[in-house]
2 protein chains.
Amino acid sequence: MAAPSLRRRSPVSLRDCNLSKSFELIGDRWTLLILRSAFWGLRRFDDFQADIDVPRSVLSNRLAGLIESGIMERREYREAGQRARVEYPLTRMGQALGLPFMAMTAWGDKWLGGGTSPLTLRSKSTGQKFSVALVDEGGRRAKGSDIEMVIAPRFERKRRR
Amino acid sequence: MAAPSLRRRSPVSLRDCNLSKSFELIGDRWTLLILRSAFWGLRRFDDFQADIDVPRSVLSNRLAGLIESGIMERREYREAGQRARVEYPLTRMGQALGLPFMAMTAWGDKWLGGGTSPLTLRSKSTGQKFSVALVDEGGRRAKGSDIEMVIAPRFERKRRR
DNA sequence: TCTCCTGAGTCTACAATCCAGACTCAGAGG
DNA sequence: CCTCTGAGTCTGGATTGTAGACTCAGGAGA
């Protein structure tokens, strides 16, 4: 992505912007960390609490928000001979956050991790590494200078400058 | 990304996790919104303030953090015949956040926007749409069931279960 | 039966942030 | 000299966050 030219105002209003809507749901440090744990397969209240050391009341609060957003769900389950437990699995909507999270991870690996990547994604069948990329319909990677942002006319705000 | 199997603890500690490090830098609603505006090309204090309606003291604070992280920089500049002004452009490190942001936008379009996308990315040369995807080295899209997470041994934490 | 343990929370009192809105300050322009 | 603009800082009340204790229910073990 190349450096954008100067603008005085976003061409899409916050109200119409799906990016800002998603920040409202998950744009909070604890929420993001809870989701990180969830991607590793954690599902239980106390496990989340211990894993990221979040205050219990905050965890309770954030889980409620994630459930309300439809990103996680609350489910009672019972293992044989055990009492009922509660688990918080990701919904399909939540699982779909995997891609943005992988992209963030790659960014972190490059700019914060000194190039080290604790985690990589690989193909089970071919063993090839996977990476997140901006590609066209044929799978060709986009070149920074060839990318054009197009705003759907019905969302576009009059440009002040 | 398929549903992960139950775990009790993240296999990579928060300390080693580049994802959680990046959340520390930008995992905050205002910071994320400031970056969104920056991707549209906004660069000036008052413009950010008006665009997302952030309290001035918070904006000041968040910009300082972004500069300290190396995501933005503070630069004085002077247009002909004007007094010196200050601008906050994205650094290359900041511009590299474009990909995660595009991935989040696509997620928001799908799950929050009722399928409407105010913004699309297109190739200037071929006119094809670009999208964010997990691809192998040849540009073939990954299938959810074919993805394997590999943890670099020196980062892996003993598994409790 | 009585007691202990665990999972899943809630409650409380104190601390840290946030926020709206007023204020400051310097350099043009009229 | 007065006003405007950009780029902030300051203030004090309102909101959130935090650590840690507490609750409550259902098994398990003695």
Side-chain angles (χ1 to χ4, degrees), chain A residues 6-10 14 20 23-34 37-38 41-68 72-90 160-161, chain B residues 6-10 14 20 23-34 37-38 41-68 72-90 160-161:
Chain A
L6 181 67
R7 250 186 231 244
R8 309 293 311 275
R9 199 175 178 210
S10 298
L14 280 187
S20 73
F23 292 161
E24 240 155 85
L25 304 187
I26 64 166
D28 161 275
R29 229 172 70 74
W30 288 124
T31 303
L32 290 164
L33 289 177
I34 291 166
S37 295
L42 277 75
R43 280 182 222 152
R44 307 211 307 214
F45 191 94
D46 277 21
D47 291 348
F48 286 120
Q49 198 281 318
D51 199 47
I52 59 178
D53 201 28
V54 53
R56 309 178 72 77
S57 52
V58 173
L59 177 56
S60 175
N61 196 293
R62 295 302 188 275
L63 286 174
L66 286 166
I67 290 162
E68 205 194 322
M72 286 186 150
E73 60 185 311
R74 182 182 196 280
R75 204 152 60 188
E76 289 210 2
Y77 71 104
R78 177 185 295 270
E79 287 168 357
Q82 297 285 314
R83 67 191 156 118
R85 298 272 156 75
V86 178
E87 64 174 1
Y88 297 92
L90 292 164
R160 288 246 184 93
R161 175 181 174 176
Chain B
L6 182 67
R7 251 187 230 244
R8 308 293 311 274
R9 199 176 177 210
S10 298
L14 280 187
S20 72
F23 291 160
E24 239 155 85
L25 304 187
I26 64 165
D28 161 274
R29 229 172 69 76
W30 288 123
T31 303
L32 289 164
L33 289 177
I34 291 165
S37 295
L42 277 74
R43 280 182 222 154
R44 307 210 306 214
F45 191 93
D46 278 20
D47 291 348
F48 286 120
Q49 198 280 318
D51 199 47
I52 59 178
D53 200 29
V54 53
R56 309 178 72 75
S57 51
V58 173
L59 177 57
S60 176
N61 196 291
R62 296 300 190 276
L63 286 173
L66 286 165
I67 289 161
E68 204 194 322
M72 286 186 152
E73 60 186 311
R74 181 182 196 280
R75 205 152 59 188
E76 289 209 0
Y77 70 104
R78 178 186 296 269
E79 286 168 359
Q82 298 285 314
R83 66 188 157 120
R85 298 274 157 75
V86 178
E87 64 174 0
Y88 297 93
L90 291 165
R160 287 247 182 93
R161 173 180 175 174

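Each chain gets a letter, A, B and so on, in the order its sequence line appears, and its residues count up from 1. Quick caveat, the model's predicted, so the values are computed rather than measured.
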Touch class at under 4.0 angstrom, heavy-atom based, for A/Y88 against every strand present: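 Sugar-phosphate contact only.
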
Partners of [X] by side-chain hydrogen bond (donor to acceptor under 3.5 Å, both in side chains), sequence neighbours excluded?
X: B/Q82; value: B/R85
X: B/E87; value: B/R75
X: B/R74; value: none

Short side-chain to backbone donor-acceptor contact, A/D51 and B/R9, under 3.5 Å: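 Side chain of A/D51 to backbone of B/R9: no pair is present.
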
Any A/S60 side-chain nitrogen or oxygen under 4.0 Å from OP1 or OP2 of C/dA8: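 Answer is no, no contact under 4.0 Å.
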
side-chain N/O B/R74 vs D/dG8 OP1/OP2, d < 4.0 Å: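 Yes, B/R74 has a side-chain N/O under 4.0 Å of OP1/OP2 on D/dG8.
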
Please state how far atom [atom1] in [X] lies from atom [atom2] in [N], giving the value in whole angstrom units.
X: A/R85; N: C/dG9; atom1: CZ; atom2: P; value: 12 Å
X: A/R43; N: C/dA8; atom1: CZ; atom2: P; value: 13 Å
X: B/D46; N: D/dG6; atom1: CG; atom2: C1'; value: 5 Å
X: A/D47; N: C/dG9; atom1: CG; atom2: P; value: 12 Å
X: B/E87; N: D/dG8; atom1: CD; atom2: C1'; value: 17 Å
X: A/E76; N: C/dG7; atom1: CD; atom2: P; value: 15 Å
X: A/F48; N: C/dT6; atom1: CZ; atom2: C1'; value: 18 Å
X: B/L59; N: C/dT17; atom1: CG; atom2: C1'; value: 16 Å

Residue whose nearest DNA chain D nucleotide is more 5′ - A/N61 or B/N61: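 Nearest nucleotide further toward 5': that of B/N61.
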
Contact pattern, 5' to 3', of nucleotides 18-30 of chain D - B, S or - by protein heavy atom under 4.0 Å: BB-B---BSSS--

Donor-acceptor pairs under 3.5 Å, side chain of residues 56-67 of chain A to any protein atom, not counting sequence neighbours: which ones?
unit_1, atom_1, unit_2, atom_2, d
A/R56, NH2, A/D46, OD1, 3.0
A/R62, NE, A/D28, OD1, 3.0
A/R62, NH2, A/D28, OD2, 3.1

For B/F23, ring pair (Phe, Tyr, Trp, His ring centres under 6.0 Å) partners two or more places apart: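 B/F23 satisfies ring pair (Phe, Tyr, Trp, His ring centres under 6.0 Å) with A/F101 only.
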
Working for side-chain contact (heavy atoms from CB on, under 4.5 Å), residues A/L90 and A/E73: CA-CA 6 Å; A/L90 292 164; A/E73 60 185 311; over 6 Å; no

